Colleague: 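One structure is given below, represented as structure tokens, and several questions about it will come after.
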There are 2 protein chains.
Amino acid sequence: MFASRRVTRPRVLIVEQLNRLDAFSTAQTVYTSLCARGKKVGIATIYRNLQAMAGRQELDTLHMDGETFYRLCKDRHHHHHLVCRKCGRTVEFEIPGFEEWTREGARSLGFSEVSHSLELFGVCKRCRLGATSNDSDASD
Amino acid sequence: MFASRRVTRPRVLIVEQLNRLDAFSTAQTVYTSLCARGKKVGIATIYRNLQAMAGRQELDTLHMDGETFYRLCKDRHHHHHLVCRKCGRTVEFEIPGFEEWTREGARSLGFSEVSHSLELFGVCKRCRLGATSNDSDASD
DNA sequence: CTTGTTGCAAACGCTTTGCATATCA
DNA sequence: TGATATGCAAAGCGTTTGCAACAAG
């Protein structure tokens with residue numbers, strides 16, 4: 001699925017919307033915000049594309065409450081996220097040596113093929129000071 | 001919901017089954033394994049009770065692929081899990097000072113009310129050497 | 001033209017809920 | 001007995017899929 005990467009209208013819109021949102025967003029959010037701008041794209045198409053892009057490492061993903069959040073990748077190398085619980089705004093960070101540290105510790109406990117998931121959640125300054133929801137977006 | 005904590009047959013069975021499984025398990029797994037032992041308990045009851053127990057910190061929870069996994073708490077204080085991807089067997093561990101470290105780092109980035117989620121996944125020795133799925137269980 | 005994509009609607013899998021019935025204390 | 005918990009089946013929610021129509025190259 002999605003082997004050829006054609007440039008279609010829906011794809012352009014999805015990427016553009018991800019850019020506007022600039023925060024971890026669900027497929028539904030992308031869909032809704034596109035609708036709000038009068039751009040019609042089938043929700044299935046959005047799910048399919050977000051999934052495919054994530055598979056190609058073009059998007060970062062995050063799981064919360066059984067929902068998948070996507071965001072355009074900023075950083076190429078392995079990193080973690082500090083995500084605002086209110087608006088989804090995100091800061092990326094890395095912990096040098098963390099990967100090796102976990103692998104090592106796990107191995108000493110008899111585990112192999114180790115992977116890890118680390119996410120930090122909090123409330124960003126802007127949200128703490130007033131704003132309640134996602135901002136971004138503006139012109140067309 | 002569940003304010004009184006009555007000792008009912010379903011509850012006894014659920015806790016007993018969690019003990020037998022001794023690995024992170026989903027509501028469905030608990031249900032299925034109870035069925036396998038000929039113990040009939042409604043799936044809704046299982047969901048309700050696991051949820052309530054987790055709310056009372058009697059169970060640890062873990063989220064993966066949009067499913068919630070539960071396991072009897074072994075350790076009272078804050079800790080993380082190293083979970084076997086194949087059988088769900090788990091090792092608990094803690095990282096001294098990790099909590100403070102994350103809070104501090106996040107604060108320096110303008111975030112407050114920081115929480116974190118860290119899980120390690122791997123394949124345990126037993127699974128690597130042959131066994132493919134959950135074992136446990138035996139007599140009645 | 002040909003093949004990859006889309007959009008719709010129906011299907012899915014996990015979880016939750018409404019409500020009449022059964023049960024603990 | 002009376003409040004609480006259970007079980008069933010239906011609903012909910014996010015996500016996926018089948019398939020005919022469509023559009024990019």
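This one's a predicted model, so the numbers in the text were calculated from it and none came from an experiment. Order of the sequence lines sets the chain letters (A, B, ...), proteins ahead of strands, with each chain counted from 1.
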Colleague: Looking only at side-chain atoms of B/Q51, point me to the closest of C/dC8, C/dT16, C/dG4.
Modeller: C/dT16
Colleague: Between A/T8 and C/dT6, does any side-chain N or O lie under 4.0 Å from OP1 or OP2?
Modeller: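 Indeed, a polar side-chain atom of A/T8 lies that close.
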Colleague: Would you say the ring centroid of A/H81 lies under 6.0 angstrom from that of A/F24?
Modeller: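 Yes.
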Colleague: Does a nitrogen or oxygen in the side chain of A/R11 sit under 4.0 Å from OP1 or OP2 of C/dT6?
Modeller: yes
Colleague: At under 4.0 Å between heavy atoms, what does B/T68 touch on the DNA or RNA strands: base, sugar-phosphate, or nothing?
Modeller: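 It contacts sugar-phosphate atoms only.
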Colleague: Taking only side-chain nitrogens and oxygens of B/Y47, does any of them come within less than 4.0 Å of OP1 or OP2 of C/dT15?
Modeller: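 Answer is yes, contact under 4.0 Å.
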Colleague: Is the distance between the ring centroids of B/H116 and B/H80 under 6.0 Å?
Modeller: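 Yes, ring centres under 6.0 Å apart.
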Colleague: Between B/E92 and B/R71, does at least one N-O distance fall below 4.0 Å, as a salt bridge requires?
Modeller: yes
Colleague: Report yes or no: is there a donor-acceptor pair, N or O only, under 3.5 Å between the side chain of B/R48 and the base of C/dT16?
Modeller: no
Colleague: Closest to the B/V41 side chain: C/dG7, C/dT15, D/dG7?
Modeller: D/dG7
Colleague: If you compare every side-chain N and O of B/T45 against the phosphate oxygens of D/dG7 (OP1, OP2), does one of them come in below 4.0 Å?
Modeller: yes
Colleague: Between the base of D/dT4 and the side chain of B/R6, is there any donor-acceptor pair under 3.5 Å?
Modeller: yes
